[in-house]
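What follows is one structure encoded as structure tokens, with my remarks underneath.
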Amino acid sequence: MAKRHSPTRVLILLGCLLALVVLPFAGLPNFYVQQAFPLFFYIALAQSWNILGGYSGYLSLGHAGFLGIGGYTIGILYFQYHWSPFWTFPLACLTAGLLALAIGAVCFRIRGSYFLIATMLVLFILQTVAMNLKDLTNGANGIDLPLFTTDYVLEGKIWYLIGLALMVLASVCAWAIERSGFGLNLMAIREDEDVARSMGVRVVHSKALAFVISAALAGLLGAFYAYRAHTVEPSTAFSLEMSAAPVLMAILGGSRNWIGPILGATIFHVISTTLTLSIGNEYSDLVFSAFLTLVVLMLPQGLMGLFSARVAQRSGAGQ
């Protein structure tokens with residue numbers, strides 16, 4: 001039975017959320033306002049990936065495919081029919097979710113590294129299609145999207161609030177799934193799929209639903225990401241780097257609960273940005289990759305796994 005949060009804890013969470021809402025209007029320097037959207041975006045992205053990859057154990061390297069589909073959904077509707085992207089975000093969710101349903105029907109027949117490779121191939125196929133359907137996607141040139149406003153400072157604050165809303169949405173979804181019977185089914189699949197099936201878990205149904213929710217969230221994120229960048233084009237919309245990022249963030253923080261992706265994405269973004277500003281892109285990627293490799297090797301269950309182990313040791317010592 002799921003634990004209930006105490007009123008004090010709920011009030012603290014609401015207070016933190018209110019503080020985050022007020023910050024950009026209370027004198028927070030514009031640099032940090034501008035940096036907040038990428039941070040919130042990466043937390044939401046890691047949460048969306050973790051719904052399938054962390055809870056069910058089906059690791060995917062094709063998550064950016066759904067980001068790209070979301071971006072291209074609003075981009076094509078704007079490019080071809082002049083529909084405002086502001087009103088087509090729900091369609092980005094729907095398109096990404098339907099694509100996940102189709103991919104899952106095929107890819108869930110395989111497991112482990114084969115599933116990982118299959119999702120990566122889907123990513124490359126989507127990029128190739130976007131490159132070659134020039135009449136629909138404008139090919140390698142991509143599609144330019146309109147601005148919210150020409151006021152740079154105001155636009156930063158708007159995107160701050162949008163990013164915060166996306167982070168809260170994805171985190172609440174992950175939290176709700178983790179505490180539900182559906183989440184328990186996913187975790188049973190992660191531990192042993194055959195045993196879960198023998199215990200009555202609807203394995204295929206559970207995996208498909210997790211994949212659709214994960215992809216729909218990614219599609220929504222991709223639509224907002226493209227709108228903020230004012231463009232969507234194949235090499236960035238379907239990049240392997242963007243697919244690997246949420247995997248590393250979730251594993252870094254701990255992929256077995258909803259707090260892990262928040263912790264991992266925050267550390268990932270802060271260290272990555274600091275290294276880029278201090279030593280430049282050329283060396284920051286190399287240093288950061290080495291750091292992440294060490295963390296993953298030394299802490300296979302992430303930082304939250306280390307914290308849980310420490311708590312368990314103290315509890316055992318106190319008995």
For a quick test of reading the model, state the closest non-hydrogen atom pair linking [X] to [Y] and the distance between them.
X: Ala118; Y: Cys107; value: CB-SG, 3.9 Å
X: Leu67; Y: Ala218; value: CD2-O, 3.3 Å
X: Gly65; Y: Ser243; value: N-OG, 4.4 Å
X: Trp258; Y: Glu178; value: N-OE1, 2.7 Å
X: Arg228; Y: Pro38; value: NH2-CD, 4.4 Å

Could you check whether the rings of Tyr42 and Phe268 sit parallel, tilted or perpendicular, using 30° and 60° as the cut-offs? tilted

query = Would you call the rings of Phe224 and Phe89 parallel, tilted or perpendicular if under 30° counts as parallel and over 60° as perpendicular?
reply = parallel

Applying side-chain contact (heavy atoms from CB on, under 4.5 Å) to Arg190 and not counting sequence neighbours gives Met187, Arg256

Examine [X] together with [Y] and report whether their ring centres are nearer than 6.0 Å.
X: Phe66; Y: Phe211; answer: yes
X: Phe37; Y: Tyr225; answer: no
X: Phe40; Y: Tyr160; answer: yes

Looking only at atom types and distance, does a side-chain atom of [X] sit under 3.5 Å from a main-chain N or O of [Y], one as donor and one as acceptor?
X: Thr266; Y: Ile262; answer: yes
X: Thr88; Y: Leu91; answer: no
X: Thr231; Y: Ile143; answer: yes
X: Asn50; Y: Ser255; answer: yes
X: His63; Y: Ser60; answer: no
X: Thr95; Y: Ala92; answer: no
X: Glu191; Y: Leu186; answer: no
X: Asn138; Y: Lys134; answer: no
X: Thr119; Y: Leu116; answer: yes

Could you check if a side-chain atom of [X] sits within less than 4.5 angstrom of a side-chain atom of [Y], using non-hydrogen atoms only?
X: Pro261; Y: Gln47; value: yes
X: Ile43; Y: Leu166; value: no
X: Leu20; Y: Leu23; value: yes
X: Phe115; Y: Leu59; value: no
X: Asn185; Y: Arg202; value: no

request  = Assess whether ring-ring contact (aromatic ring centres under 6.0 Å, His included) is satisfied between Phe108 and Tyr58, documenting all intermediate values.
outcome  = CA-CA 9 Å; Phe108 280 141; Tyr58 269 71; 5.5 Å; yes

By salt bridge (charged side-chain N to carboxylate O under 4.0 Å, His left out), Lys207 pairs with (sequence neighbours left out) Glu193

Hits for side-chain hydrogen bond (donor to acceptor under 3.5 Å, both in side chains) against Thr236, two or more places apart or cross-chain, chain-then-number order -> Glu233

